Amino acid sequence: RIYSTWSAAHTNLPALVPSTGEGRDPALVPLTLPPGAGSPLVNGGDAAACTATDERGVQRPQGPACDVGAHETRLTIASPPADTTVIVPAAAVFQATIDTDGLGAPAVQWQSSPDGTLWSDIAGATSAIAGSGTTYVSTYTRSATSKADQGMRFRARFQTAANSAGVITNAAKLTVQFGPDVSLNL
């Protein structure tokens with residue numbers, strides 16, 4: 001595991017010791033390549049032989065078993081849904097972004113909770129995932145809000161075939177406001 005750069009300015013290089021990393025430029029980030037989606041390397045490692053972390057320092061395993069090689073694939077929430085305020089009966093929109101680290105398009109299930117402790121899947125809230133490369137975005141729209149939605153929390157659970165446990169975003173809180181009551185006395 002030796003990483004180095006070379007330029008004409010290097011004239012007195014220290015000896016590199018692979019077992020300890022001595023002599024390695026600490027500013028260099030380990031360069032690793034993730035296994036592709038569907039690769040047998042994902043979750044193909046022997047738990048007894050796995051190192052605690054991969055070359056980048058990512059904890060192993062991220063799935064049911066560690067990955068073979070220097071790169072442990074993981075699901076990472078790039079941006080969780082944000083708290084939202086709407087005026088009843090307007091729609092409330094929540095969006096979350098995930099980086100799948102090459103594991104392919106994830107499945108998503110949006111969930112809601114009245115108090116942030118008891119969570120329920122929202123029927124049909126498995127919104128289409130839009131994305132490219134390793135980054136995917138999911139949007140959930142609460143089409144018509146009501147007084148009952150005040151204080152509700154929403155979150156997304158993402159998973160892939162290689163990481164069926166998945167990851168869950170932080171919760172976003174919905175605040176509903178009410179417009180003025182108008183009555184006409186004719």
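As the structure is a prediction and not an experimental result, all values here were calculated from the model.
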Trainee: Taking Asn163 for the side chain and Gly63 for the main chain, is one N or O donor matched with an acceptor at less than 3.5 Å?
Mentor: no

Trainee: Is there a side-chain contact between Val42 and Leu103, using heavy atoms and a 4.5 Å cut-off?
Mentor: yes

Trainee: Do you know the tightest heavy-atom contact between Asn43 and Ala162?
Mentor: ND2-O, 2.5 Å

Trainee: Does Thr134 reach the main-chain N or O of Thr100 with its side chain, forming a donor-acceptor pair under 3.5 Å?
Mentor: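 Absent.
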
Trainee: What's the shortest heavy-atom distance between Leu118 and Ser113, and which atoms?
Mentor: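 Taking Leu118 first and Ser113 second, the nearest heavy atoms are O-OG, 2.8 Å.
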
Trainee: Is Phe94 close to Thr84 at the side-chain level, that is, under 4.5 Å between some pair of heavy atoms?
Mentor: yes

Trainee: In the single-linkage hydrophobic clustering (I, L, V, M, F, W, Y; side-chain heavy atoms under 4.5 Å), do Phe178 and Leu174 co-cluster?
Mentor: yes

Trainee: Taking Arg56's backbone N and O only, do any of them form a donor-acceptor pair with Asp54's side chain (distance below 3.5 Å, no angle check)?
Mentor: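 Yes.
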
Trainee: State, to 0.1 Å, how close Leu41 and Pro35 come at their nearest heavy-atom pair, and which atoms those are.
Mentor: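 Leu41 and Pro35 have their closest heavy atoms at CB-CB, 4.0 Å.
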
Trainee: Any side-chain to backbone donor/acceptor pair from Ser138 onto Ala96? Under 3.5 Å, distance only.
Mentor: no

Trainee: Could you list the residues that satisfy side chain to side chain contact (heavy atoms under 4.5 Å, CB included) with Gln59, not counting sequence neighbours?
Mentor: Gln62

Trainee: Are the side chains of Val167 and Ile98 in touch, meaning some heavy atoms are under 4.5 Å apart?
Mentor: yes

Trainee: Return the CD to CD distance between Gln150 and Gln177, rounded to the nearest 0.5 Å.
Mentor: 8.5 Å

Trainee: Minimum heavy-atom separation for Thr145 to Val88, with atom names?
Mentor: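 Closest approach of Thr145 to Val88: O-CG1, 3.6 Å.
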
Trainee: Has Arg157 got a side-chain atom pairing as donor or acceptor with Ala165's backbone, closer than 3.5 angstrom?
Mentor: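 Judged by distance alone, yes, a pair lies under 3.5 Å.
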
Trainee: Would you please say whether a donor-acceptor pair under 3.5 Å links the side chains of Thr73 and Asp67?
Mentor: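 Yes, a side-chain donor-acceptor pair sits under 3.5 Å.
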
Trainee: With side chains defined as the heavy atoms from C-beta onward, is the minimum distance between Pro114 and Met152 less than 4.5 Å?
Mentor: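 Counting from C-beta outward, Pro114 and Met152 do come under 4.5 Å.
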
Trainee: Please examine the side chains of Thr76 and Asp101, heavy atoms only from C-beta on, and report whether any two atoms are closer than 4.5 Å.
Mentor: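 Contact flag for Asp101/Thr76 side chains = no.
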
Trainee: Does one hydrophobic cluster hold both Ile77 and Ile168, with members joined at side-chain heavy-atom distances below 4.5 Å?
Mentor: no

Trainee: Keeping the roles fixed (side chain from Thr141, backbone from Ser143), state whether a donor-acceptor pair exists under 3.5 Å.
Mentor: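 No.
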
Trainee: Do any N or O atoms from the side chain of Arg155 and from the backbone of Arg153 form a donor-acceptor pair under 3.5 angstrom?
Mentor: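 Pair absent, no side-chain N/O of Arg155 close to backbone of Arg153.
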
Trainee: For Asp99, which residues count as a salt bridge (charged side-chain N to carboxylate O under 4.0 Å, His left out) partner, sequence neighbours excluded?
Mentor: none

Trainee: Which pair of heavy atoms, one from Pro81 and one from Phe154, lies closest together, and at what distance?
Mentor: CG-O, 4.0 Å

Trainee: Indicate yes or no: at least one non-hydrogen side-chain atom of Cys66 is less than 4.5 angstrom from one of Glu72.
Mentor: yes

Trainee: Does any part of the side chain of Thr53, heavy atoms only, come nearer than 4.5 Å to the side chain of Val58, both counted from C-beta?
Mentor: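 Val58 vs Thr53: side chains apart.
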
Trainee: So, do Asp149 and Arg142 sit near enough that their side-chain heavy atoms are less than 4.5 Å apart?
Mentor: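 Answer yes - side chains close enough.
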
Trainee: Please find the pair of heavy atoms, one from Thr169 and one from Pro80, that lie closest to each other, and give the distance.
Mentor: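 Here Thr169 and Pro80 meet closest at CB-CB, 4.2 Å.
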
Trainee: Could you tell me which residues satisfy side chain to side chain contact (heavy atoms under 4.5 Å, CB included) with Ala125, sequence neighbours excluded, listed by chain and number?
Mentor: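 By the side chain to side chain contact (heavy atoms under 4.5 Å, CB included) rule, Ala125 matches Gln109, Trp110, Ile122, Tyr140.
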
